[in-house]
Amino acid sequence: MSTRDEKQSMKPPKVLIPEIKLQARVKELASEIARDVQGKEVVAICILKGSFVFFSDVIRHLDMPLSCEFLGLSSYGNKMVSSGEVKVTLDLNDPIEGKHVIVFEDIVDTGLTLTYILQSLAARRPASIKTCALLMKPSSLKVEIEPDYVGFRIGNEFVVGYGIDMAGKQRGLPYIGYIEHDH
Ligand code: 5GP
């Protein structure tokens with residue numbers, strides 16, 4: 001790592017979405033979901049790793065019978081630009097055939113990852129699939145996809161925190177921050 005890169009990675013992220021706004025929106029999302037899936041048995045799927053904090057906050061507001069599953073995906077390398085090429089690092093434990101599924105994803109950027117996830121889950125013949133993204137970057141979309149639930153629509157900034165990493169770090173921040181680039 002060069003001295004310039006070291007300086008950049010040490011800069012604390014700026015706050016984009018403070019904790020209080022995140023928590024309020026998470027509660028709203030949970031009520032929207034609860035209203036829509038009333039009476040159904042739901043399988044909530046957390047896309048690892050970036051969604052684990054968001055997922056655990058939302059499900060604690062969902063007062064309903066719920067199974068939790070984890071799907072581990074990792075992009076190749078630490079690229080800041082998505083290619084949509086993902087490697088499955090952990091598969092679901094149980095079949096989802098005939099079940100009502102809600103997928104929780106941290107960020108929809110180009111939309112390629114969520115498209116890949118939906119194709120792969122659809123092949124397992126669930127009764128329905130809904131998607132919930134904490135963040136969406138509408139101006140970066142490369143495919144037509146609209147999650148059923150979106151926490152916040154943001155610009156093109158590279159964000160970290162609340163489960164979302166930069167090269168494996170910063171997941172523990174309680175807010176969504178962004179990294180300012182030196183120009
Ligand atoms: P997509 O395939 O929609 O372009 O990318 C989705 C994935 O790219 C996210 O799940 C996330 O892992 C990564 N990603 C997209 N934007 C950001 C960002 O601003 N910060 C971080 N840390 N990851 C991002």
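First listed ligand is number 1; within each ligand, the first listed atom is number 1. As the structure is a prediction and not an experimental result, all values here were calculated from the model.
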Just going by heavy-atom distances, which of L73, I47, I107 is nearest to atom 9 (C) of ligand 1? I107
Close approach of E157 to ligand 1, heavy atoms, under 4.0 angstrom: yes
Within less than 4.0 angstrom of ligand 1, does D165 place any heavy atom? yes
Any chance CG of D91 has more than 12 other-residue heavy atoms, nucleotides or ligands included, within less than 6.0 Å? yes
Looking only at N/O atoms, are V108 and ligand 1 under 3.5 Å apart anywhere? no
Report, in ascending order of atom number, the atoms of ligand 1 lying under 4.0 Å from any heavy atom of I164. 21 (C), 22 (N)
With rounding to the nearest 0.5 angstrom, report the CZ to CD1 distance, R124 to I129. 10.0 Å
Taking 4.0 angstrom as the limit and counting only heavy atoms of T113, give me the atoms of ligand 1 inside it, by number and element. 1 (P), 2 (O), 5 (O), 6 (C)
So is G111 close enough to ligand 1, meaning a heavy atom under 4.0 angstrom away? yes
Counting heavy atoms only, name the option from K49, E105, K169, K137 that's nearest to atom 19 (O) of ligand 1. K137
Hey, is R153 close enough to E146 for a salt bridge, meaning N to O under 4.0 Å? yes
Identify which of V159, L112, I176 has a heavy atom lying nearest to atom 21 (C) of ligand 1. V159
For Y178, give me all partners under side chain to side chain contact (heavy atoms under 4.5 Å, CB included), at least two apart in sequence or on another chain. K14, L16, E157, V159, E180
I'd like to know whether V143 forms a side-chain contact (heavy atoms from CB on, under 4.5 Å) with Y116, so could you lay out the CA-CA distance, the side-chain angles of the two residues, the decisive distance to 0.1 Å, and finally the verdict. CA-CA 11 Å; V143 285; Y116 168 86; over 6 Å; no
Contacts of E144 meeting salt bridge (charged side-chain N to carboxylate O under 4.0 Å, His left out) (sequence neighbours excluded), chain-then-number -> none
Check whether the ring centres of F52 and F70 lie less than 6.0 Å apart, and answer yes or no. no
Just which atoms of ligand 1 are under 4.0 Å from any heavy atom in T110? 1 (P), 2 (O), 3 (O), 4 (O)
